[in-house]
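One structure is given here, and the rest of the page talks about it.
In what follows, residues are counted from 1 in the order of the sequence shown. It should be emphasised that the depicted structure is a prediction, and the values quoted were computed from it without experimental measurement.
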Amino acid sequence: MKVFVTSELYPFTHGGIGRVIANILATATQEERNHIMVACVSFSVDQARFEQLYKGVQFISIQDHDYQCVDEDGAQYPPLWAYTDTMWHGRSVNVMQALKKLERRVNIEYIEFPDWGGLGFACIQEKRLGKAFENAILAVRLHSTDSILSSVESRNIDLAMLNLYALERKAIADCDLVIGQLAPVPQGVCEFFGLDTVQFAQRLVIDPPPVIVDFSREGERSVVFTQDTPIVFSSKLQEFKKPDVFIRGVAGFMKMTPEYKGKAFLLAHSFNQEYQETLKSLVPIDLQNRFCFLVGCSGKERAEIISTSLCLFPSGYESFCLAAYEASISGALVL
């Protein structure tokens, strides 16, 4: 059995990690699906819809209320509230408890964790102690750690962030397999966390995920930029993805190029209403009718706009910019 541990899964949640896992499931053969399980951490899925989308794939739900202070083997754990360093420490232990319970009834050959959040920490340490997962490969896929993202955002460094850094670093340092999605990224991760380069390289595998789009226009060529071509920001409204740079850059282009008559679209999921309002305030008054914040538009509407656009990605950091690949496949001109 192969197990994918995740706190996201398309289409039940937003987020690139969830889309990558969904694409892996969607492109697997039926025989492969019959031996895959998804462990959904701290979110719920509709079982009927899951089974329809990913026929043959099993799933388990791992919620905070599943945490045990005494497990089936009699091992004792502190209560969940006692993980005051970071809640992700407690969640990693909760994942470990659930997967140890699973291991008692099925043969687990492979477990893949996202690097973000350090969810693999407790399982990996349990294996190194010789207490579980002896026959399983424990892998961490480099989506983007929260620690690296915090380094390119204006966040305050507090105790919780430092502890999360330690969890993410230790999971990557001690796992059996590190999965990089683009060749240059793992080197940067290794340097950021100060890991042994030789030992890291021995565990590294480059495995770009499949890219799937739900809607695409006909034709094999990218759009040709004209005076009416929309300019699109299709990433999430998060600081490290630099939507502020997009707004300032496009506004400057519009003012310097009066012959350009097109509009700018921010087709992005927003996690923070206050940040979204701050971004809106960056749009010059005389250009406000040309900037459209289409948060929550339908997938089809979003895809139609992207497929005829110039799609810009000014991110400060990306481990694998899935949205850029999706835009290119859809027919957009990507910058």
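Taking 4.0 Å as the cut-off between side-chain N and carboxylate O, Glu72 and Arg104 count as a salt-bridged pair.
Applying the 4.5 Å side-chain rule to ILVMFWY residues, one finds that Val70 remains a lone member of its cluster. Grouped by direct or indirect side-chain proximity (heavy atoms under 4.5 Å, Ile/Leu/Val/Met/Phe/Trp/Tyr only), Tyr110 sits with Ile137, Leu177, Ile179, Val205.
The shortest side-chain heavy-atom distance between Arg49 and Tyr54 does not fall under the 4.5 Å cut-off.
Atom CD of Gln288 is surrounded by more than 12 heavy atoms from other residues, nucleotides or ligands within 6.0 Å. Counted within 6.0 Å of NZ on Lys2, heavy atoms from surrounding residues, nucleotides or ligands total 12 or fewer; the atom is thus considered open. Annotation: Glu274, atom CD; neighbour count of heavy atoms from other residues, nucleotides and ligands within 6.0 Å does not exceed 12. Residue-environment remark: NZ (Lys280) exceeds the threshold of 12 foreign heavy atoms within 6.0 Å.
Here ring pair (Phe, Tyr, Trp, His ring centres under 6.0 Å) pairs that include residues 303-335, with residues two or more places apart or in two chains, are Phe320-Tyr325. Here side chain to side chain donor-acceptor pair (under 3.5 Å) pairs that include residues 179-191, with residues two or more places apart or in two chains, are Arg141-Gln181, Gln187-Glu191. Residue pairs that meet the ring pair (Phe, Tyr, Trp, His ring centres under 6.0 Å) test with at least one member in residues 3-30, sequence neighbours left out, are His14-His269.
A search for side-chain contact (heavy atoms from CB on, under 4.5 Å) contacts involving Ala136 returns Ile108, Phe133, Leu138, not counting sequence neighbours. Checked against side-chain contact (heavy atoms from CB on, under 4.5 Å), Asn23 has the following partners two or more places apart in sequence or in another chain: Arg19, Pro210, Ile212, Leu322. In this structure Lys263 satisfies the salt bridge (charged side-chain N to carboxylate O under 4.0 Å, His left out) test with no other residue, sequence neighbours excluded. Residues that satisfy the side chain to side chain donor-acceptor pair (under 3.5 Å) test with Asp286, not counting sequence neighbours, are Lys255. The side-chain contact (heavy atoms from CB on, under 4.5 Å) check on Gln273 picks up Gln276, Glu277, with sequence neighbours excluded. Qualifying salt bridge (charged side-chain N to carboxylate O under 4.0 Å, His left out) partners for Lys127, counting only residues two or more places apart in sequence or in other chains: Asp176. Every side-chain contact (heavy atoms from CB on, under 4.5 Å) that Pro114 has, sequence neighbours left out, goes to Ile17, Leu119, His143.
Without hydrogens or angle criteria, Gln227 side chain to Tyr260 main chain gives no donor-acceptor distance under 3.5 Å. Here the side chain of Glu112 pairs no donor or acceptor atom with the backbone of Val3 at under 3.5 angstrom.
Between Glu168 and Ser147, the side chains place a donor N or O and an acceptor N or O closer than 3.5 Å (distance only, hydrogens not considered). Looking only at atom types and distance, the side chain of Gln63 has a donor-acceptor partner in the side chain of Ser61 under 3.5 Å away.
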Worksheet item: After noting the C-alpha distance and the side-chain angles of Asp174 and Arg128, does the key distance pass the salt bridge (charged side-chain N to carboxylate O under 4.0 Å, His left out) rule?
Response: CA-CA 8 Å; Asp174 290 348; Arg128 287 176 68 86; 3.6 Å; yes

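With His89 as the fixed residue, the ring-ring contact (aromatic ring centres under 6.0 Å, His included) test singles out one of Tyr165, Tyr67, Phe121: Phe121.
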